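Structure first, then comments.
Remember, it's a predicted structure, so these values are computed and weren't measured experimentally.
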Amino acid sequence: MAGHSKWANIQHKKARVDAQRGKIFTKLIKEITVAAREGGGDPASNPRLRLAMDKAWDANMPKDNVQRAIDKGTGNLEGVDYIELRYEGYGIGGAALMVDCMTDNKTRTVADVRHAFTKNGGNLGTDGCVAFNFVHQGYLVFTDADEDKLMEAALEAGAEDVIVDDEGIIEVITTPTDWASVKSALETAGFTSQAGDVTMRAQNETVLTGDEAVKMQKLLDALESLDDVQDVYTSAVLHLE
């Protein structure tokens, strides 16, 4: 999502997520539960839980749902014991794909993921086949902000880098654990991001246009629609106009 296509791709992904809002709560509950299980139920000392809770608030999830998920993760309530899985593979034009899942049935999940790859022109690969091309980082996108003031505030807040593209879109890069605190500090300073998340970002991109872009989008949609899939990361940059 670098260069002039970055904002368009972020907007397109958001539109797909909005269209699948019925499944968003389920995915968020899984993430909150596992984050609380792994790092405890206090978001102040558990960055992963804090991020998951921020996403829940953004999705207008009721507070009771969030608290129940935390309680299940910490063992205060009985819940499903989810395991985390990551699958790697290739899409259209050799574009790299990483698929993060949470499931209570590994056999079902791998069968579903493999079927989505195969049916839509992709190939499920082996562990590590594309992971080297991705880096775990947070990002915040600003489309209408004073570049100098934002850069100063971001670096003071602990951001790793600030990138400005040829259309004036400003992207603040953070470590995964600092994302929430940097976002909060920038909001306090008066800057509101148009998009942001903690993601696995491809270091080398695969630009797809025309029919290839359409086919890749179908593969992404097929993977993201699976109940056990939490996130899909890709090196593909799609030009769908």
Side-chain angles (χ1 to χ4, degrees), residues 1-3 5-7 9-10 13-14 17 27-28 30-59 66 70 73 84-88 96-102 127-128 130-143 145-165 169-205 230-237:
M1 293 186 291
S5 61
K6 178 201 311 168
W7 179 234
N9 276 270
I10 291 172
K13 180 174 182 180
K14 183 179 185 301
V17 170
K27 293 186 177 184
L28 287 169
K30 284 184 179 180
E31 174 63 21
I32 292 168
T33 301
V34 171
R37 184 189 72 196
E38 298 296 323
D42 181 6
S45 58
N46 185 345
R48 181 177 177 180
L49 177 60
R50 181 176 175 183
L51 173 59
M53 291 174 67
D54 282 347
K55 290 182 179 180
W57 306 143
D58 288 344
V66 174
I70 293 173
E84 297 182 87
L85 302 169
R86 171 170 287 170
Y87 299 102
E88 302 177 41
L97 280 159
M98 290 207 305
V99 184
D100 282 353
C101 303
M102 288 186 187
D127 289 348
V130 300
F132 64 89
N133 187 35
F134 291 83
V135 61
H136 194 200
Q137 64 181 204
Y139 71 91
L140 294 161
V141 175
F142 300 84
T143 57
D146 184 290
E147 179 182 336
D148 292 335
K149 291 181 179 178
L150 176 58
M151 183 175 297
E152 181 181 358
L155 295 177
E156 185 176 330
E160 285 197 320
D161 199 3
V162 178
I163 302 169
V164 184
D165 73 5
I169 296 171
I170 304 171
E171 185 176 24
V172 175
I173 304 298
T174 76
T175 65
T177 54
D178 287 343
W179 182 86
S181 61
V182 171
K183 179 174 182 286
S184 178
L186 291 178
E187 288 174 349
T188 299
F191 299 100
T192 301
S193 60
Q194 278 65 56
D197 203 349
V198 173
T199 188
M200 297 294 295
R201 173 163 294 177
Q203 298 305 286
N204 296 290
E205 297 174 337
Q230 291 292 107
D231 290 292
V232 179
Y233 308 109
T234 180
S235 65
V237 175

If I take atom CD from residue Gln230 and atom CZ from residue Arg86, how far apart are they, to the nearest 0.5 angstrom?
12.0 Å
Checking Gln194 against Ile169 for the side chain to side chain contact (heavy atoms under 4.5 Å, CB included) test, could you report, in this order, the C-alpha distance in whole Å, the side-chain angles of both residues, the deciding distance, and whether it holds?
CA-CA 10 Å; Gln194 278 65 56; Ile169 296 171; over 6 Å; no
Least distance between heavy atoms, Val66 atom then Ala56 atom:
CG2-CB, 3.9 Å
In Å, rounded to the nearest 0.5 Å, how long is the span from CD of Glu205 to OG1 of Thr234?
9.5 Å
Taking Asp231 for the side chain and Thr199 for the main chain, is one N or O donor matched with an acceptor at less than 3.5 Å?
no
Quick one: does Asp161's side chain have a donor or acceptor within less than 3.5 Å of a partner on Ile173's backbone?
no
Go through it in stages, so that I can follow the logic: the residues are Ile163 and Ile170, the test is side chain to side chain contact (heavy atoms under 4.5 Å, CB included), and I'd like the CA-CA distance, side-chain angles, deciding distance and then a yes or no.
CA-CA 6 Å; Ile163 302 169; Ile170 304 171; over 6 Å; no
How many angstroms lie between atom CD1 of Ile70 and atom CE of Met53, to the nearest 0.5 angstrom?
4.0 Å
Please find the pair of heavy atoms, one from Gly158 and one from Val182, that lie closest to each other, and give the distance.
C-CG2, 4.0 Å
Reported CG-to-CG distance for the pair Leu49 and Asp42, which is rounded to 0.5 angstrom
8.0 Å
Which heavy atom in Phe142 sits nearest to a heavy atom in Leu140, and how many Å separate them?
CE1-CB, 3.7 Å
Nearest heavy-atom pair of Phe191 and Ala145: which atoms, and what distance?
CD2-CB, 4.1 Å
I need the Gln137 CD to Gln203 CD distance, nearest 0.5 Å.
6.5 Å
Atom CD of Glu156: over 12 foreign heavy atoms under 6.0 Å:
no
Passes side chain to side chain contact (heavy atoms under 4.5 Å, CB included), Leu186 versus Ser193? Steps please.
CA-CA 9 Å; Leu186 291 178; Ser193 60; over 6 Å; no
Between the main-chain N or O of Ala35 and the side-chain N or O of Asn46, is there a donor-acceptor pair closer than 3.5 Å?
yes
Hey, could you give me the CG/CG distance between Asp58 and Asp197, rounded to the nearest 0.5 Å?
9.5 Å
Is it true that Lys27 and Glu31 have a side-chain N and a carboxylate O under 4.0 angstrom from each other?
no
Is Glu171 reaching over with its side chain to a backbone N or O of Tyr139, donor-acceptor style, under 3.5 angstrom?
no
Tightest non-hydrogen contact, residues Asp146 and Asp148, listed as OD1-N, 3.2 Å
Steps toward side chain to side chain contact (heavy atoms under 4.5 Å, CB included) verdict (Val232, Leu97)
CA-CA 7 Å; Val232 179; Leu97 280 159; 3.8 Å; yes
Counting N and O atoms only, with roles assigned by atom type, does the side chain of Ser184 sit under 3.5 Å from a partner on the main chain of Ala180, one being a donor and the other an acceptor?
no
Under 3.5 Å, side chain of Thr177 to main-chain N/O of Pro47, donor-acceptor pair present?
no
Compare every heavy atom of Tyr233 with every heavy atom of Asp100, then report the nearest pair and how far apart it is.
OD2-CE1, 3.4 Å
Counting C-beta onward and ignoring hydrogens, is there a side-chain heavy-atom pair between Arg48 and Val34 closer than 4.5 Å?
yes
